[in-house]
2 protein chains.
Amino acid sequence: MLSVILIGAGNVASHLFNAIKKSESASIIQWYNRSIGTINPFQNDVEITDDLSALKEADLYIMAVSDDSIAELSNALPFSNRLVAHTSGSVSIHQLDKKHKRAVFYPLQTFTKGAAIDFSEVPICIECLEKENLQVLKSLAEVLGCKFYKINTEQRQTLHLSAVYVNNFVNQLYRIAHEISDAKSINFDILKPLIMETARKVQDMSPYMAQTGPAKRNDKKTIKRHLKQIESEEHKAIYQMLTNSIKKTHGQR
Amino acid sequence: MLSVILIGAGNVASHLFNAIKKSESASIIQWYNRSIGTINPFQNDVEITDDLSALKEADLYIMAVSDDSIAELSNALPFSNRLVAHTSGSVSIHQLDKKHKRAVFYPLQTFTKGAAIDFSEVPICIECLEKENLQVLKSLAEVLGCKFYKINTEQRQTLHLSAVYVNNFVNQLYRIAHEISDAKSINFDILKPLIMETARKVQDMSPYMAQTGPAKRNDKKTIKRHLKQIESEEHKAIYQMLTNSIKKTHGQR
Ligand SMILES: NC(=O)c1ccc[n+]([C@@H]2O[C@H](COP(=O)([O-])OP(=O)(O)OC[C@H]3O[C@@H](n4cnc5c(N)ncnc54)[C@H](OP(=O)(O)O)[C@@H]3O)[C@@H](O)[C@H]2O)c1
Ligand SMILES: NC(=O)c1ccc[n+]([C@@H]2O[C@H](COP(=O)([O-])OP(=O)(O)OC[C@H]3O[C@@H](n4cnc5c(N)ncnc54)[C@H](OP(=O)(O)O)[C@@H]3O)[C@@H](O)[C@H]2O)c1
């Protein structure tokens, strides 16, 4: 049985808590949070604490805390030579205090408290400094039913950057389409199946192969009409920039 | 029984053919294409022709042909006063010849020959000039199990524009993430669950509410580090433009 102590009680920690609790081959033996109020409701399910000096011994400590607090908090942990993993996409493994066996357990997914998440759909990016600790991290990923990938810090930071494009920026394009359609009293629901299909298509086809539309065809007439239709200068600039990007990718200029 | 004649044999027509063929309350009584070769394989399933003068009488003629050919071909149809619908997102209903009962049957989805599509996931945008023809169009949408929406030409052209943002432009962001991760030998598969979840999230939450990330939080440190990481000037410009767009949407400037 893999024993885990959870540090932090935000989006990621809450989802990890629920997922590990369900498993039979790993257990959370203690849950720490700086503000005890957040984890008080769970005191019948798990031992809770807001006192670092009360932390027990465990196979793995998962620090799912804000990026900026990882270095200092890892230093404040009153023990050494135990396996400590943070969950951040962007923080270097070297920000963890040297006294620990350092590791990263980065779930590449978007978590929101309350919103259900299927862990089998969460890829875990694993990194550790000593090879012999890899097995513990892998075991936990397997317990959760996750796919896992060995990813070093530079690669992880690149994934974090890529995630901004496919998550934050894509979502902003959804937002712009929402603004454009709202302005003409069009129900945004009409666009939802297309949004799903666009994401589904690249699950088994490269984005390069999946591309269609006026920019790829270099259909100047349609592009010109679209630009005339767009009312906001900001939306127009984005239209032009992404149209040029598609043209460049597909050799149209 | 609703009788339909299909004109054209491209992506949209092929999918409509398969979907209508399965139904019990509508039937395709004839299939026309300019090049008979494309529809020859179907001659045992349906009457085929490449001769406009051989066209029979039907409740509805669907012209799923290239945008640029709609006006001329509708004029060349050797009959009048029958219900003729095109399937384009951008062509005005008035481009159909006046001698017909004019209509639009625009499926807002991305079709590719060969790639399966679930028609119950295709919203149909319906338009017609005389109210009494609406029922035929609605019936066909119902027969296919589609949701349908009454949409006028201006709204349809706005939807077509919005679709460029949520389909072509979103797909280009997937492509850029692919380029960025490839450059560091990262398997693009790791990003696929996030791509799906990002699309799924806005199915029951507005894109505004769904937004997260450094731009929304105005996390200057992360944004600066990301900009330093990005190697291509083009990717950088897109990062900056969309970051500013998110900031503006969420009142960060
Ligand atoms: N959210 C996501 O989608 C996601 C996805 C993958 C990875 N991550 C990474 O996972 C980690 C946690 O993210 P999150 O979204 O769960 O964050 P969150 O919801 O904002 O929660 C932050 C947690 O960190 C604690 N904390 C903050 N500053 C602290 C300090 N100085 N000392 C002790 N505890 C402190 C907070 O405690 P209080 O309750 O006392 O404030 C809280 O429990 C981050 O490294 C993040 O980059 C997040
Ligand atoms: N593809 C999509 O995702 C999608 C989605 C919604 C709406 N639409 C709209 O649906 C319509 C058809 O699109 P598609 O993707 O199916 O097109 P497509 O695959 O390119 O097929 C075009 C069809 O039009 C015929 N055609 C072209 N020029 C013609 C002419 N001058 N005279 C007679 N026939 C001609 C072609 O005949 P040949 O076989 O002889 O070349 C072919 O059958 C367009 O209005 C498009 O905007 C497409």
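Keep in mind that this is a model prediction, so the values were computed, not measured. Residue numbers start from 1 in every chain, and the chains themselves are labelled A, B, ... in the order their sequence lines are given, proteins ahead of strands.
- Using a 4.5 Å cut-off between heavy atoms, B:Asp68 contacts chain A through its side chain alone, with no backbone atom that close.
- Between the side chain of B:Gln203 and the backbone N or O of A:Lys192, at least one donor-acceptor pair lies under 3.5 Å.
- By number of non-hydrogen pairs under 4.5 angstrom with chain A, the leading residue of B:Lys147, B:His178, B:Glu179 is B:His178.
- For A:Ala163, the parts lying near chain B are the backbone and the side chain together; criterion is any non-hydrogen pair under 4.5 Å.
- Residue B:Met205 qualifies as enclosed at atom CE: its count of foreign heavy atoms under 6.0 Å is above 12.
- Interface remark: B:Ile124 contributes no atoms to any contact with chain A (heavy atom separation under 4.5 Å).
- The choice from B:Glu154, B:Arg200, B:His160 that makes the most heavy-atom pairs within less than 4.5 Å of chain A is B:His160.
- To the nearest 0.5 Å, the span separating CD on A:Glu234 from CG on B:Asn244 amounts to 8.5 Å.
- When heavy atoms are compared at a cutoff of 4.5 Å, B:Ala210 approaches chain A by way of both its backbone and its side chain.
- Here the straight-line distance linking atom NZ of B:Lys201 with atom CD1 of A:Ile195 works out to 14.0 Å at 0.5 Å rounding.
- Minimum heavy-atom separation, A:Ser185 to B:Gln155: O-NE2, 3.7 Å.
- With values rounded to the nearest 0.5 angstrom, B:Leu173 atom CG is found 11.0 Å from A:Gln172 atom CD.
- Considering OH of B:Tyr149 and CG of A:Asp189, their distance stands at 5.0 Å, rounded to 0.5 Å.
- Taking NZ from A:Lys248 and OG from B:Ser232, the interatomic distance works out to 5.5 Å, rounded to the nearest 0.5 Å.
- Looking only at distances, no side-chain donor or acceptor of B:Glu197 sits under 3.5 Å from a matching main-chain atom of A:Gln109.
- Comparing B:Asp67, B:Asp118, B:Ile176, B:Leu159 by how many heavy-atom pairs each has under 4.5 Å with chain A, the most go to B:Leu159.
- In terms of heavy-atom pairs under 4.5 Å with chain A, the best-connected choice from B:Leu161, B:Thr222, B:Val170 is B:Leu161.
- Contacts between B:Phe188 and chain A at a heavy-atom distance below 4.5 Å involve the side chain alone, from C-beta outward.
- Relative orientation of the A:Tyr165 and B:His235 rings is perpendicular, given thresholds of 30° and 60° on the angle between their planes.
- Each of B:Gln211, B:Lys216, B:Glu121 has some count of heavy-atom pairs under 4.5 Å with chain A, and the biggest count is that of B:Gln211.
- Per-residue heavy-atom pair counts under 4.5 Å with chain B were compared for A:Ile151, A:Val164, A:Thr110, A:Ile186, and the maximum is reached by A:Ile186.
- A side-chain N or O of A:Thr198 and one of B:Asn167 form a donor-acceptor pair less than 3.5 Å apart.
- Contact tally against chain B (heavy-atom pairs below 4.5 Å) for A:Ile117, A:Val122, A:Thr212: the top residue is A:Thr212.
- Of all heavy-atom pairs between B:Ser181 and A:Thr158, the closest is CA-CG2, 4.2 Å.
- One distance of note links CG of B:Leu242 with CG of A:Asn168; it measures 10.0 Å at 0.5 Å rounding.
- Contact count versus chain B (heavy atoms, under 4.5 Å) is highest, among A:Ile190, A:Val166, A:Ile246, A:Ile180, for A:Ile190.
- For B:Tyr174, the parts lying under 4.5 angstrom from a heavy atom of chain A are both the backbone and the side chain.
- In this structure, chain B has heavy atoms under 4.5 Å from both the backbone and the side chain of A:Ala237.
- Only the side chain of B:Thr249 comes within less than 4.5 Å of a heavy atom of chain A; its backbone N, CA, C and O stay farther away.
- Both the backbone and the side chain of B:Val202 come within contact range of chain A, judged by heavy atoms closer than 4.5 Å.
- For chain B, no part of A:Asn152 is nearby; none of its heavy atoms comes within less than 4.5 Å.
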